[in-house]
Amino acid sequence: MKSRMAASAAAFTLMAAGGSLARAQEAPAPEHQVSYNAALTSEYRYRGLAQTRFEPALQGGADYTHTPSGFYAGTWLSTIKWIDDAGGDANVEVDLYAGKRGQLTDAISYDVGGLYYVYPSNGLPTNANTFELYGQLGYGPVYVKYSHATSNLFGTADSKNSGYLDIGANVPVADKLVLNLHAGRQRVKNNGDYSYNDYKVGLSYDFGVATASLAWVKANTDAYVSPRGKNLGKSAAVFSVSKTF
């Protein structure tokens, strides 16, 4: 359930500021690119909801990009606890995704693809595995993205065709410092009580050896609670350290 928007937004901002000229003066990017990422976070929040019972998570993944076509594919993993809390038996989330990104115009970017969330042997009454199709448009640091579930949504019965609208911006405010803004709306089909809005305001700083991020997150719902009765969408400060290599 990770987001790849920060890197993309930075690239689009650079282009809008004259990055196209800079790229013309650089050597062409390799046709095939592979990168890896790893992170440690104080807690794993997805669409505003706690996934690790407000406890730390380890995360990591790998990405392949075919530069000429814009095709990409990858995988990402994170430790989780919400499946166990829901009565299932899985402590890891595995994301598998593929898509294509590029430019509609010099100013407008696009990203379309599919994402399969896998919770191995989760054992919930309604399988938690979820597949979503997504489409995104970007303009400089601003983006809008819509994800549509073609399966039941994360173990919620009769929730096929749920949708999530994500609007945000990753705005450079100083050298290596980026302001991260997000607002989202999760619509859960046939389960209106589980629909909600979520928000994030944060800062990310690239130290070179790693990137540190601090964000305030919240989901305005009380429909999701932990076994101890804590609201999984309550306001929280989330700190993470990540590295791409």
Side-chain angles (χ1 to χ4, degrees), residues 1-23 26 29 33 35-48 51 56-63 65 70 72 74 76 78 95 97 99 101-104 106-111 113 115 134-147 164-185 197-219 235-245:
M1 299 179 184
K2 74 165 184 171
S3 171
R4 299 181 298 282
M5 284 307 305
S8 298
F12 301 143
T13 302
L14 176 63
M15 181 191 66
S20 56
L21 176 60
R23 286 198 301 274
E26 298 174 353
Q33 299 187 69
S35 64
Y36 305 90
N37 59 84
L40 174 64
T41 183
S42 61
E43 67 166 291
Y44 174 20
R45 287 279 180 130
Y46 183 65
R47 296 180 181 174
Q51 309 290 300
L58 289 171
Q59 302 171 335
D63 293 279
T65 301
Y72 62 87
W76 184 82
S78 178
D95 295 354
Y97 49 87
R101 61 172 67 96
Q103 297 293 135
L104 293 177
D106 288 344
I108 301 175
S109 64
Y110 72 89
D111 185 355
L115 173 54
Y134 57 84
Q136 175 181 295
L137 293 175
Y139 182 80
V142 179
Y143 70 89
V144 57
K145 179 178 180 180
Y146 177 73
S147 300
Y164 184 73
L165 180 63
D166 175 3
I167 300 172
N170 296 287
V171 183
V173 293
D175 185 33
K176 301 182 180 181
L177 182 67
V178 177
L179 173 66
N180 311 122
L181 303 173
H182 155 81
R185 172 64 179 175
N197 302 324
D198 73 286
Y199 312 93
K200 182 180 86 169
V201 178
L203 289 170
S204 300
Y205 188 84
D206 182 2
F207 287 93
V209 295
T211 298
S213 300
L214 180 64
W216 170 85
V217 295
K218 176 180 174 56
S235 297
V238 178
F239 176 74
S240 64
V241 177
S242 61
K243 173 69 175 178
T244 299
F245 49 92

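Hydrogens, waters and symmetry mates play no part in the numbers below; they use all other heavy atoms, side chains included.
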Quiz prompt | Derivation of the side-chain hydrogen bond (donor to acceptor under 3.5 Å, both in side chains) call for Y97 and D63 | solution = CA-CA 9 Å; Y97 49 87; D63 293 279; 2.5 Å; yes
Exercise. Check whether any side-chain N or O of K145 sits under 3.5 Å from a backbone N or O of D111 as a donor-acceptor pair, and report yes or no.
Key: no
Practice problem: Starting from the C-alpha separation in whole Å, work towards a yes-or-no answer on side chain to side chain contact (heavy atoms under 4.5 Å, CB included) for D198 and K218. | Solution: CA-CA 6 Å; D198 73 286; K218 176 180 174 56; over 6 Å; no
Self-check item: Pair W76 + Y44: ring centers closer than 6.0 Å
Solution: yes
Exercise. Decide yes or no for L214 and V238: does some side-chain heavy atom of the first lie under 4.5 Å from some side-chain heavy atom of the second?
Key: no
Exercise. Could you check T244 against N37 for side-chain hydrogen bond (donor to acceptor under 3.5 Å, both in side chains), going step by step and ending with a plain yes or no?
Key: CA-CA 4 Å; T244 299; N37 59 84; 5.6 Å; no
Quiz item: Does V201 reach the side chain of L181, with side-chain heavy atoms less than 4.5 Å apart?
Solution: yes
Exercise. Answer with yes or no whether the side chains of D166 and Y143 bring together a donor and an acceptor at under 3.5 Å.
Key: yes
Quiz item: Hey, does S235 have a side-chain heavy atom less than 4.5 Å from the side chain of W216?
Solution: yes
Exercise. Of all the heavy-atom pairs spanning N170 and V178, show the shortest one and how long it is.
Key: C-CG1, 3.7 Å
Quiz item: Looking only at heavy atoms, what is the nearest atom pair of S204 and S213, with distance?
Solution: OG-OG, 2.9 Å
Quiz prompt | 4.5 Å side-chain heavy-atom contact, L58 and T41 | solution = no
Quiz item: Would a 4.5 Å heavy-atom cut-off, applied to side chains only, mark V142 and V171 as touching?
Solution: no
Practice problem: Output all residues satisfying ring-ring contact (aromatic ring centres under 6.0 Å, His included) with F207, sequence neighbours left out; order by chain, then residue number. | Solution: Y205
Practice problem: State, with a plain yes or no, whether a side-chain heavy atom of P56 is found less than 4.5 Å away from one of S42. | Solution: no
Quiz item: Taking the side chain as C-beta and beyond, is there a heavy-atom pair between K176 and T211 under 4.5 Å?
Solution: no
Exercise. Kindly give the heavy-atom pair with the smallest separation between A236 and E43, and that separation in Å.
Key: CB-OE2, 3.6 Å
Practice problem: Check the pair L137 / L104 against side chain to side chain contact (heavy atoms under 4.5 Å, CB included), numbers first and verdict last. | Solution: CA-CA 9 Å; L137 293 175; L104 293 177; 3.7 Å; yes
Quiz item: Taking C-beta and beyond as the side chain, do Y110 and Q136 meet within less than 4.5 Å on heavy atoms?
Solution: no
Exercise. Examine R47 relative to Y164 and say whether NZ or CZ is less than 6.0 Å from the centre of the six-membered ring and inside a 45° cone about the ring axis.
Key: yes
Quiz prompt | Closest heavy-atom pair and its distance - Y134, S147 | solution = CB-OG, 3.7 Å
Quiz item: Where is the tightest heavy-atom contact between T65 and Y72, given as atom of each residue plus distance?
Solution: OG1-CB, 4.0 Å
Practice problem: Please confirm whether the backbone N or O of I108 pairs with a side-chain atom of Q103, one donor and one acceptor, at under 3.5 Å? | Solution: yes
Quiz item: Do you know the tightest heavy-atom contact between Y199 and A183?
Solution: CD2-CB, 4.1 Å
